[in-house]
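Okay, so here's the structure we're looking at.
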Amino acid sequence: MKTMIKKLFLLAIVFFIPNLVQAASSCTYEQQAELNDIVANVKANYVPKEILDGKALAIYEEPDENGNYPEVDHYVHGFEISILNITDEIYVRVTNNLDNETYTFYSKDTKDGIATFETKESSELVTYTIEVYSNKYACAGESFRKLTITTPIFNIYSAMDECIGYEDFYYCQQYLSSENVPAYDFVEQLEKYVEEQEKKQEEEKKNKSFLGKIKEFYNNNKLIINIVGGVIIISGVTTTAILVKKKRSRVL
């Protein structure tokens, strides 16, 4: 039994050694603490942007005498992604789950510590992985942090006339955090949403109508209501005073 326990203990040590070696850093604890404070400030965000994608023929305009249409700048939906707080002590490497494109940014590649790049991809959800490395001390090149950011999908239905007035409906919003639905699902869900909104508006009209009638009744009978209300209050106070007086008389 003791021999078996020793073997299991040694086996556990063998399995843990690679993790311990991998987790070890060439920097001192003080240096690691300094770098951890720096990488903790690294943030990432994105903003939708119309990105120039070359030239296109303006077929909606009149052609010239030779039948040629003029060329205009062609823009596509995309995003500008920014990585903030890159300092001299670190650098970042950006990859994504869609292709093999990689960006590496050092402090010298930034403006006021902010690195930016553009992506024309807006037809799929794309997750960008931002890995932060040390660029200082003996642990230069070691990864100290990993964060991700996911860009949404441009919604092709958002520009349709059917969405006018229903911009709050999820599948009428310009950008979605989930996949686009097929056209028949979009129509079906939009019809349900419109029906729900119409019912809601009808209920609100009924409530307003009911409250309006009460208000109208009060305005038309304000004098009588105030007089009757005043009489009821005075009567109540008088009755209370009489009852209290009688009670005191009994006590005496």
Is the count of non-hydrogen atoms from other residues, nucleotides or ligands lying under 6.0 Å from Lys192 atom NZ greater than 12?
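Count not over threshold, so no.
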Atom CG of Asp99 with >12 non-hydrogen neighbours under 6.0 angstrom
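Buried by this count: over 12 neighbours within 6.0 Å.
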What about [X] and [Y], same hydrophobic cluster or not, with Ile/Leu/Val/Met/Phe/Trp/Tyr joined at side-chain heavy-atom distances under 4.5 Å?
{"X": "Ile38", "Y": "Tyr91", "value": "no"}
{"X": "Leu125", "Y": "Leu98", "value": "no"}
{"X": "Ile114", "Y": "Phe105", "value": "no"}

Could you pull out the closest heavy-atom pair between [X] and [Y], with the gap in Å?
{"X": "Ser158", "Y": "Cys163", "result": "O-CB, 4.1 Å"}
{"X": "Glu89", "Y": "Leu35", "result": "O-CD2, 3.9 Å"}
{"X": "Tyr128", "Y": "Val94", "result": "CD2-CG1, 4.1 Å"}

Can a side-chain donor-acceptor contact be found between [Y] and [X] if the only test is distance below 3.5 angstrom?
{"X": "Tyr137", "Y": "Ser26", "value": "no"}
{"X": "Tyr103", "Y": "Glu101", "value": "yes"}
{"X": "Thr127", "Y": "Thr148", "value": "no"}
{"X": "Ser25", "Y": "Glu142", "value": "yes"}

Calculate, to the nearest 0.5 Å, the distance between atoms [atom1] and [atom2] belonging to [X] and [Y] respectively.
{"X": "Lys43", "Y": "Leu147", "atom1": "NZ", "atom2": "CG", "result": "8.5 Å"}
{"X": "Ile90", "Y": "Ser134", "atom1": "CD1", "atom2": "OG", "result": "9.0 Å"}
{"X": "Lys146", "Y": "Glu131", "atom1": "NZ", "atom2": "CD", "result": "4.5 Å"}
{"X": "Asn96", "Y": "Thr102", "atom1": "CG", "atom2": "OG1", "result": "8.0 Å"}
{"X": "Phe154", "Y": "Gln174", "atom1": "CZ", "atom2": "CD", "result": "5.0 Å"}
{"X": "Ile149", "Y": "Thr151", "atom1": "CD1", "atom2": "OG1", "result": "8.0 Å"}

Donor-acceptor under 3.5 Å ([X] side chain, [Y] main chain):
{"X": "Glu167", "Y": "Gly165", "result": "yes"}
{"X": "Arg145", "Y": "Val39", "result": "yes"}
{"X": "Asp109", "Y": "Tyr106", "result": "yes"}
{"X": "Ser122", "Y": "His77", "result": "yes"}
{"X": "Asn155", "Y": "Gln173", "result": "yes"}
{"X": "Asn135", "Y": "Asp88", "result": "yes"}
{"X": "Asp161", "Y": "Ile164", "result": "no"}

Side chain to side chain donor-acceptor pair (under 3.5 Å) between Glu121 and Thr119: does it pass, once the steps are laid out?
CA-CA 5 Å; Glu121 182 54 57; Thr119 171; over 6 Å; no
Through direct or indirect side-chain contacts below 4.5 angstrom among Ile, Leu, Val, Met, Phe, Trp and Tyr, which residues connect to Tyr170?
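Traced through the cluster, Tyr170 reaches Ile156, Tyr157, Met160, Tyr166, Phe169, Tyr171, Leu176, Val181, Phe186, Val187, Leu190, Tyr193, Val194.
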Side-chain contact, heavy-atom cut-off 4.5 Å: [X] with [Y]?
{"X": "Ile86", "Y": "Val92", "answer": "yes"}
{"X": "Ile130", "Y": "Ile83", "answer": "yes"}
{"X": "Asn97", "Y": "Val126", "answer": "yes"}

Verdict with reasoning, Thr116 to Glu80, per side chain to side chain donor-acceptor pair (under 3.5 Å)
CA-CA 7 Å; Thr116 60; Glu80 180 180 270; 5.0 Å; no
Under the side chain to side chain donor-acceptor pair (under 3.5 Å) test, residues paired with Asn36 that sit two or more places apart:
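Asn36: no side chain to side chain donor-acceptor pair (under 3.5 Å) contacts found.
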Between the side chains of Lys200 and Glu196, is the shortest nitrogen-to-carboxylate-oxygen separation below 4.0 Å, so that they form an ion pair?
no
Is the distance between the ring centroids of Tyr133 and Phe144 under 6.0 Å?
no
